[in-house]
Q: 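Structure in structure tokens, see below.
Every number for a ligand or one of its atoms is a count from 1 in the order of the listing.
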Amino acid sequence: MQTQSLSTSTGDILHAAHLLRAGELVAFPTETVYGLGAMVFNESAVRAIFTAKGRPSDNPLIVHCADRTDVERVAINIPPLFDALFERFCPGPLTMLLERHIAVPDAVTAGLNTVAVRFPAHPVAETLIRTAGEPLVAPSANRSGRPSPTQAQHVMNDLAGRIAAVIDGGSCEVGIESTVLNILTNPPVILRPGSITKEMLEDVVGYEVVHGSYAIKTSNDGISEVSFPTLAPGMKYRHYAPEARIILVDSMAEALQTARGIEEQRGNLVWILSNSVKKPEHGIFLLSEQTLYAMFRNADAQNVGTLILVCDPHVRNNEGLMNRIQKAASRK
Ligand code: TXA
Ligand code: MG
């Protein structure tokens, strides 16, 4: 199969929608990362996503909607909290768990009774969903185990020959995947951190929102901690780490000192990524949500031996970015 490279022209989006309606897979830009789209109610197209990506079948997909009314087609018993969060953050990089509608194929939810829903804030994604005529399931458009794609070329590098088309909408604005929030538990649980933070969510929810893996439940006789499996299934898989050794440091001074030591000792290529870089030069590049995944791909292409990441307070306070950095550094 020859993968077509499409533009964001109306004609090309119409063509992409035709491909989707014929059961093909089309990658498209969103504000977070590129998604690999299929029609939500076409079970064989949904299954083809898992094959194209090499994705384990127990990892459920996010349903991408264009309008609030689309949600009724894939979910039931939608709680008021959904609408409160929808009003504030949608369209945008927030995915919410809802009770699954019986019409949603098992392949989408990996057999779970919940369905993850989001509204991408990208004109191409919105138009594509509307033109296709039904919500689109879309995981990140990378091969499983690779960094999420933030440019059309990344999708081509991973999936050329395996999918029908890629719509090239340039670089993604946000650069890391959406925040995944379970609103069916009390308190709500962040299953995957992203650029919509715990504080931003709490501002709407009105009480505490907790991070993954556990929740605190208050009972009449005091406070008890309840443990239950609350991570998104996808978070258990090994996440992408570049071939390079990753070292986390606190400051640029520490980074430069560490780099000198390594270069003298091993003579291998060292890159430094820092949040305060204005102009990239001499192996020092910008560390940000927008650049992280592209830098991982570039580092591998250039055979970089060591990547030093400057985690200053600004970076440490960014929960979405720090989550991706720690996963890469721990190779989990
Ligand atoms: O920003 C994003 O969310 C991007 C763009 C393309 O929209 N999509 C994305 O999809 O990152 P994916 O498939 O790479 O990650 C989806 C995450 C996985 O960790 C998956 O386990 C979790 O969402 N997830 C999906 N449905 C779920 C459900 N019903 N319950 C718990 N976790 C779910
Ligand atoms: Mg992914």
Q: Polar-atom distance check: T30 versus ligand 1, any N or O pair below 3.5 Å?
A: no
Q: Out of S140, S144, S178, whose heavy atom sits nearest atom 9 (C) of ligand 1?
A: S140
Q: Side-chain donor-acceptor contacts of residues 32-41 below 3.5 Å, not counting sequence neighbours, with atom names and distances?
A:
{"unit_1": "T32", "atom_1": "OG1", "unit_2": "T30", "atom_2": "OG1", "d": "2.9"}
{"unit_1": "T32", "atom_1": "OG1", "unit_2": "R118", "atom_2": "NH2", "d": "3.1"}
{"unit_1": "Y34", "atom_1": "OH", "unit_2": "G169", "atom_2": "N", "d": "3.0"}
{"unit_1": "Y34", "atom_1": "OH", "unit_2": "G170", "atom_2": "N", "d": "3.3"}
{"unit_1": "Y34", "atom_1": "OH", "unit_2": "G170", "atom_2": "O", "d": "2.7"}

Q: The criterion is ring-ring contact (aromatic ring centres under 6.0 Å, His included); which residues satisfy it with Y293, sequence neighbours excluded?
A: none
Q: Check ligand 1 against T114 and write out every atom of the ligand that is under 4.0 Å from a heavy-atom position of the residue.
A: 28 (C), 29 (N), 30 (N)
Q: In terms of ring plane angle, is the pair F28 and H64 parallel, tilted or perpendicular, where the classes change at 30° and 60°?
A: perpendicular
Q: Is there a donor in the side chain of T69 and an acceptor in the side chain of D67, or the other way round, less than 3.5 Å apart?
A: no
Q: Could you grab the protein N, O or S atoms closer than 2.8 Å to the Mg ion (ligand 2) for me?
A: S140 OG
Q: Which class fits the ring pair F119 and F86: parallel under 30°, tilted 30 to 60°, perpendicular over 60°?
A: perpendicular
Q: As an exercise, identify every atom of ligand 1 less than 4.0 angstrom from a heavy atom of A116.
A: 25 (C), 26 (N), 27 (C)
Q: Check whether any side-chain N or O of E31 sits under 3.5 Å from a backbone N or O of A121 as a donor-acceptor pair, and report yes or no.
A: yes
Q: Check ring-ring contact (aromatic ring centres under 6.0 Å, His included) between F50 and all other residues, then give those that pass, not counting sequence neighbours.
A: none
Q: Go through V174 and E289 one step at a time and tell me if the side-chain contact (heavy atoms from CB on, under 4.5 Å) criterion holds.
A: CA-CA 7 Å; V174 176; E289 290 178 30; 3.8 Å; yes
Q: Give the numbers and elements of all ligand 1 atoms closer than 4.0 Å to a heavy atom of L97.
A: 28 (C), 30 (N), 31 (C)
